[in-house]
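Following: one structure in structure tokens, then a few remarks.
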Amino acid sequence: QVQLVESGGGLVQAGGSLRLSCAASGRTFSSYAMGWFRQAPGKAREFVTAISWNGGSTEYADSVKGRFTISRDNAKNTVYLQMNNLKPEDTAVYYCVVNRYPGTSSRESNYNYWGQGTQVTVSS
């Protein structure tokens, strides 16, 4: 059974940092892109970032460019999201995802595995 378990969420003040982790189990995802989406209260789910199967390519939403960094460790079947200079508008549930393909994409339909999500709250 495939599981994606996110951790590292929490409450932080504006300008602070958090590091999210997503550990995958049940199969190896080293051949597939991985990423993060988020959903704020009352808003649609949105793409945040993605990383290709070997980490050679990354993609970011404009709203997080320069502040967030995605990375992966295929030996550990884990993907990370380093979030710096957090803003109140980053408050959301963050979901770890696995793509059907090796390359990055911002299209939600390309992702066929989803974690349960971890809450990130940024206070002003």
Side-chain angles (χ1 to χ4, degrees):
Q1 182 179 357
V2 173
Q3 276 194 316
L4 300 176
V5 180
E6 303 99 334
S7 61
L11 173 64
V12 64
Q13 289 189 331
S17 299
L18 283 174
R19 188 191 194 209
L20 305 184
S21 299
C22 172
S25 62
R27 61 171 292 182
T28 300
F29 292 110
S30 58
S31 298
Y32 303 96
M34 298 182 73
W36 296 87
F37 279 71
R38 68 185 181 185
Q39 187 167 23
K43 294 188 177 180
R45 194 156 54 189
E46 64 175 0
F47 171 77
V48 177
T49 180
I51 187 167
S52 62
W53 69 281
N54 63 352
S57 177
T58 57
E59 186 174 349
Y60 295 92
D62 287 344
S63 58
V64 306
K65 279 181 182 176
R67 300 188 298 121
F68 290 12
T69 303
I70 189 171
S71 61
R72 67 187 296 165
D73 184 338
N74 284 342
K76 296 181 178 180
N77 226 19
T78 300
V79 65
Y80 305 96
L81 180 61
Q82 177 66 43
M83 305 185 293
N84 298 329
N85 191 21
L86 282 160
K87 304 176 180 180
E89 51 264 43
D90 295 318
T91 295
V93 176
Y94 284 71
Y95 297 92
C96 173
V97 293
V98 179
N99 201 312
R100 305 172 191 271
Y101 309 109
T104 64
S105 173
S106 61
R107 295 181 61 180
E108 190 170 323
S109 60
N110 279 10
Y111 294 89
N112 56 344
Y113 291 106
W114 292 72
Q116 291 300 307
T118 185
Q119 177 70 46
V120 172
T121 302
V122 185
S123 63
S124 58

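When reading the values below, keep in mind they use all heavy atoms of this one structure, side chains included, and skip hydrogens, waters and symmetry mates.
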Under a 3.5 Å threshold, yes or no: a donor from one side chain and an acceptor from the other, between Ser52 and Asn54?
yes
The reported gap from OG in Ser17 to CG in Asn85 (rounded to nearest 0.5 angstrom) is 8.0 Å
Aromatic ring centroids of Tyr113 and Phe29 under 6.0 Å?
yes
Work out which heavy atom in Val120 is nearest to a heavy atom in Gly9; give both atom names and the distance.
CG2-CA, 4.2 Å
Would you name the heavy atoms of Ser105 and Ala50 that are closest together and state the gap between them?
O-CB, 4.0 Å
So, taking the atom named CZ in Arg72 and the one named OH in Tyr32, what distance separates them when rounded to the nearest 0.5 Å?
11.5 Å
So Phe68 and Thr49, do their side chains get closer than 4.5 Å, heavy atoms only?
no
When rounded to the nearest 0.5 Å, the distance separating CG of Asp73 from OG1 of Thr78 is 6.5 Å
Check for me, please, whether Tyr80 and Val5 land in the same ILVMFWY cluster - side-chain distances under 4.5 Å, paths through other members count.
no
May I ask you to check whether Tyr95 and Tyr111 place their ring centres under 6.0 Å from each other?
no
Donor-acceptor pair, side chain of Thr28 and main chain of Ser30, under 3.5 angstrom
no
Please check if Val64 and Val93 belong to a single hydrophobic cluster, counting links between Ile, Leu, Val, Met, Phe, Trp and Tyr side chain heavy atoms closer than 4.5 Å.
no
Once rounded to the nearest 0.5 Å, what's the spacing between atom CZ of Arg38 and atom CZ of Arg45?
13.5 Å
Side-chain ion pair, Lys87 and Asp90, N-O less than 4.0 Å
no
Do Arg67 and Met83 have side chains that get closer than 4.5 Å, going by heavy atoms?
no
With a 3.5 Å distance limit and no angle check, can you tell me whether Tyr60 reaches the backbone of Ile70 through a side-chain donor-acceptor pair?
yes
Taking all non-hydrogen atoms of both residues, which atom of Phe37 and which atom of Val48 are closest, and how far apart?
C-CG2, 3.8 Å
Between Val79 and Val97, is there shared hydrophobic-cluster membership here, with clusters defined by ILVMFWY side-chain heavy atoms closer than 4.5 Å?
no
Where do Ala33 and Pro102 come nearest, in terms of heavy atoms and distance?
CB-O, 3.5 Å
Exam field: side chain Asn74 to backbone Trp53, donor-acceptor pair closer than 3.5 Å
yes
Within the supplied structure, the quantity of interest is the number of heavy atoms (other residues, nucleotides, ligands) at a distance under 6.0 Å from Gln116 CD; does it exceed 12?
no
Can you tell me how far apart OG (Ser25) and CD (Gln1) are? Round to the nearest 0.5 Å.
8.0 Å
Between Ala92 and Gln119, which heavy-atom pair has the shortest distance, and what is it?
O-NE2, 3.5 Å
Could you tell me whether a side-chain N or O of Glu6 sits under 3.5 Å from a main-chain N or O of Cys96, the two making a donor and an acceptor?
yes
From CE (Met34) to CD1 (Ile51), nearest 0.5 Å
9.5 Å
Given the rule that I, L, V, M, F, W and Y join up when any side-chain heavy atoms are under 4.5 Å apart, are Phe47 and Leu86 in one cluster?
no
Polar side chain donor-acceptor pair, Thr104 to Glu59, under 3.5 angstrom:
yes
Side-chain (Thr118) to main-chain (Tyr94) donor-acceptor, under 3.5 angstrom
no
Asn77 side chain vs Ala24 backbone, donor-acceptor pair below 3.5 Å
yes
Taking Trp36 as the starting point, is it possible to reach Val122 by hopping between hydrophobic residues whose side chains are less than 4.5 Å apart?
yes
